[in-house]
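Working notes, structure below.
Since the structure is predicted, the reported quantities are computational estimates derived from the model, not experimental observations. Order of the sequence lines fixes the chain letters, A, B, ..., with proteins taken first and strands second; residue numbering starts at 1 for each chain.
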2 protein chains.
Amino acid sequence: MVQKSKPPAAANPPERRGEPERRSEPKRRGRPRAYEPEIALGKALDLFRKQGFAATSLDDLSEATGMNRPSLYGAFGDKRELYIKSYQRYREEAAASMVEIFRQEMPLRQRLERIYAAALDIYLSGDTGPRGCFTVVTAASEAVGDPEIRAMVLDGLTGLDKAFASCFRRAREKGELPENADPIALAQVASATIHTIAIRSRARVPRKELEAIVKGAIDVMVGAKG
Amino acid sequence: MVQKSKPPAAANPPERRGEPERRSEPKRRGRPRAYEPEIALGKALDLFRKQGFAATSLDDLSEATGMNRPSLYGAFGDKRELYIKSYQRYREEAAASMVEIFRQEMPLRQRLERIYAAALDIYLSGDTGPRGCFTVVTAASEAVGDPEIRAMVLDGLTGLDKAFASCFRRAREKGELPENADPIALAQVASATIHTIAIRSRARVPRKELEAIVKGAIDVMVGAKG
DNA sequence: GGATTATTTTGCGAGATGGTACAAAAATCG
DNA sequence: CGATTTTTGTACCATCTCGCAAAATAATCC
């Protein structure tokens, strides 16, 4: 898992470009790419999620993406840039899986349940074991030393807070919560619940237990029984 | 910060053993140690908390502890063992700072406030910026790949859950909580609040904001106003 | 004082690491 | 076809990494 000396054969998937470029690409000039940047970035993201920044070597990334190092460097920049791009990609995917749930009209309790179910799907995915949340598990670790990563982490944290806050605010307006409920405090508890399941999933707490934690937290936030 | 080639002079603190050994040590036989294992372990812990496992090199540890590598190796074993011993030390210290608060008799709200204040003291300490919680920030990251570390992390998580649960159970018996309050669910929210401030402190969220989050969470758990 | 014991010190070695230089390869353009 | 352009593949570098062996040092024991 650490070194490689990649077998030089079988490195080239024969189907390397079904249609050369999605659409409207006039026709690229030089030698065609042997990889698809989007899926390579996904592989890099998988690795960073599993191992974190420092424990992931360029050889690991090279092997996982199928790109050799110079190609990696040319496509994404150095290791830190690749990490940041992976993190951006992660956040886009995570946001995409939740934005619909925040937008649609539905009862508060159901909305919370679906948000947490989506989060668990993300945190528990992974071939070699659940990987938790990128923000919580690896990015927060890098955040002390790297202002750019820290800014992204902060942005992610407050973004989640705000999404939950507006969701509680709407619920209060619709009479699903008592008049004196504090949407901001509730949102922070809702975020904290996200964080606790992110951490616990990384420690391989089984999904059933995580779901029980979620249910208990929802009860505390909106009142027991549905 | 990465390499060293330590200046060979000035490496030996002249006061290296005020009293050779605390007490009852009959008299150590060979050359005396130039370091105190306890404080060296503390320095190692500081580094691991700041940088995590993979990003911390033996040279870093050697420089921080003042021990050269073979001495480190002899005293603590290899890097992973040193990491585990550091983590044990961290947990002992953290437990020591909280056990009194859990044991003493006091109103629920005050107990929670003091627990969170103690946690913030730990998370926000550090010369070069707050370091968060070892369990949450670095150990959880290693937990996927290392069963021994994972077991320790799980033990830490459930230990905190249980401490909070018994605290809520007592409060309910004393009438500080409604009869239908669920101590386990409340405990998990209390743990989640610990986790969220651990993560946020790592992202340099200022103490004032963390305290506001704590206050909001306490209100949600035990009911607004004190 | 000499033997014994425990620790420090120096330094090494095999290998991994992040990053890059450079030529060969594979496409389009004229 | 040859020129141009872009990417790939190989090889390399300087540094860092972990762990260890061998020798030097400093204490106690007899």
Side-chain angles (χ1 to χ4, degrees), chain A residues 1-14 16-21 25-37 40 44 47-48 51-84, chain B residues 1-14 16-17 19-21 25-37 40 44 47-48 51-83:
Chain A
M1 183 190 293
V2 170
Q3 83 279 48
K4 66 161 197 180
S5 73
K6 184 176 48 143
N12 240 8
R16 62 166 126 77
R17 44 187 256 289
E19 300 88 63
E21 304 304 331
E25 293 277 348
K27 206 86 159 185
R28 304 194 37 95
R29 193 68 151 61
R31 176 172 176 168
R33 289 200 180 108
Y35 58 92
E36 300 210 51
L47 261 193
F48 279 132
Q51 304 177 339
F53 177 78
T56 303
S57 71
L58 285 186
D59 280 337
D60 294 340
L61 293 163
S62 182
E63 185 180 349
T65 57
M67 305 164 61
N68 46 30
R69 247 166 319 171
S71 295
L72 262 181
Y73 198 82
F76 303 112
D78 67 11
K79 189 179 165 186
R80 178 174 165 278
E81 285 181 79
L82 177 53
Y83 180 82
I84 290 178
Chain B
M1 183 191 294
V2 170
Q3 81 278 50
K4 64 162 195 176
S5 72
K6 185 177 45 140
N12 241 9
R16 61 166 127 77
R17 43 187 257 287
E19 301 86 67
E21 303 305 330
E25 292 278 350
K27 206 84 158 185
R28 305 193 37 95
R29 193 74 150 62
R31 176 171 179 169
R33 289 200 180 109
Y35 59 90
E36 299 210 53
L47 260 193
F48 279 132
Q51 304 176 340
F53 177 78
T56 302
S57 72
L58 284 187
D59 280 337
D60 294 341
L61 293 163
S62 182
E63 184 180 350
T65 58
M67 304 164 65
N68 46 30
R69 248 164 321 171
S71 295
L72 262 181
Y73 198 80
F76 304 112
D78 68 9
K79 188 179 164 184
R80 178 175 165 278
E81 286 182 79
L82 177 53
Y83 180 82

Atom-pair distance (OH on A:Y35; C1' on D:dT8), nearest Å: 10 Å

Quick one: is A:R69 getting a side-chain N or O under 4.0 Å of the C:dG19 phosphate, OP1 or OP2? no

Tell me: CG of B:L82 to C1' of D:dG19, nearest whole Å? 14 Å

Test item: B:K79 and B:L72 side chains (from C-beta on) under 4.5 Å apart, heavy atoms: no

Once you round it to whole Å, what is the distance between P of C:dT9 and CE of B:M67? 10 Å

Do the side-chain N or O atoms of A:S57 get closer than 4.0 angstrom to the phosphate oxygens (OP1, OP2) of C:dA16? no

Nearest to the side chain of A:L58, which nucleotide is it out of C:dG19, D:dT17, D:dT10? C:dG19

Nearest of C:dT10, D:dC12, C:dA21 to any side-chain atom of B:P70? C:dT10

Is the shortest side-chain heavy-atom distance between B:F76 and B:E81 below 4.5 Å? no

Nearest to side-chain heavy atoms of A:N68, which nucleotide of C:dG19, D:dC20, D:dG9: D:dG9

Could you check whether the side chain of A:R29 and the base of D:dT4 have a donor-acceptor pair of N or O atoms closer than 3.5 Å, going by distance alone? yes

For the pair made of CZ in A:R31 and P in D:dT7, what is the distance, rounded to whole Å? 11 Å

A:K79 has a side chain; which of D:dC18, C:dG19, C:dT8 sits nearest to it? C:dG19

Starting at CG of A:D59 and ending at P of D:dT10, how long is that distance when rounded to a whole Å? 14 Å

How about A:N68 and A:S71: does a side-chain donor come under 3.5 Å of a side-chain acceptor? yes

Whole angstrom value for the distance that separates C1' of D:dT7 from CG of A:L72: 13 Å

Here the distance between atom C1' of D:dT17 and atom CD of B:E63, to the nearest Å, is 16 Å

Does OP1 or OP2 of D:dT7 have a side-chain N or O of A:S71 closer than 4.0 Å? no

Please report, rounded to the nearest Å, how far the P atom of D:dC18 is from the CG atom of B:L61. 8 Å

Describe, in one word, how the ring planes of B:F53 and B:Y83 are oriented to each other, choosing from parallel (under 30°), tilted (30 to 60°) and perpendicular (over 60°). perpendicular

Note: A:A54 and B:A54 closest approach over all heavy atoms is CB-CB, 3.8 Å

Where the side chain of A:Y73 is concerned, which of C:dT17, C:dG19, C:dT8 is the nearest nucleotide? C:dG19

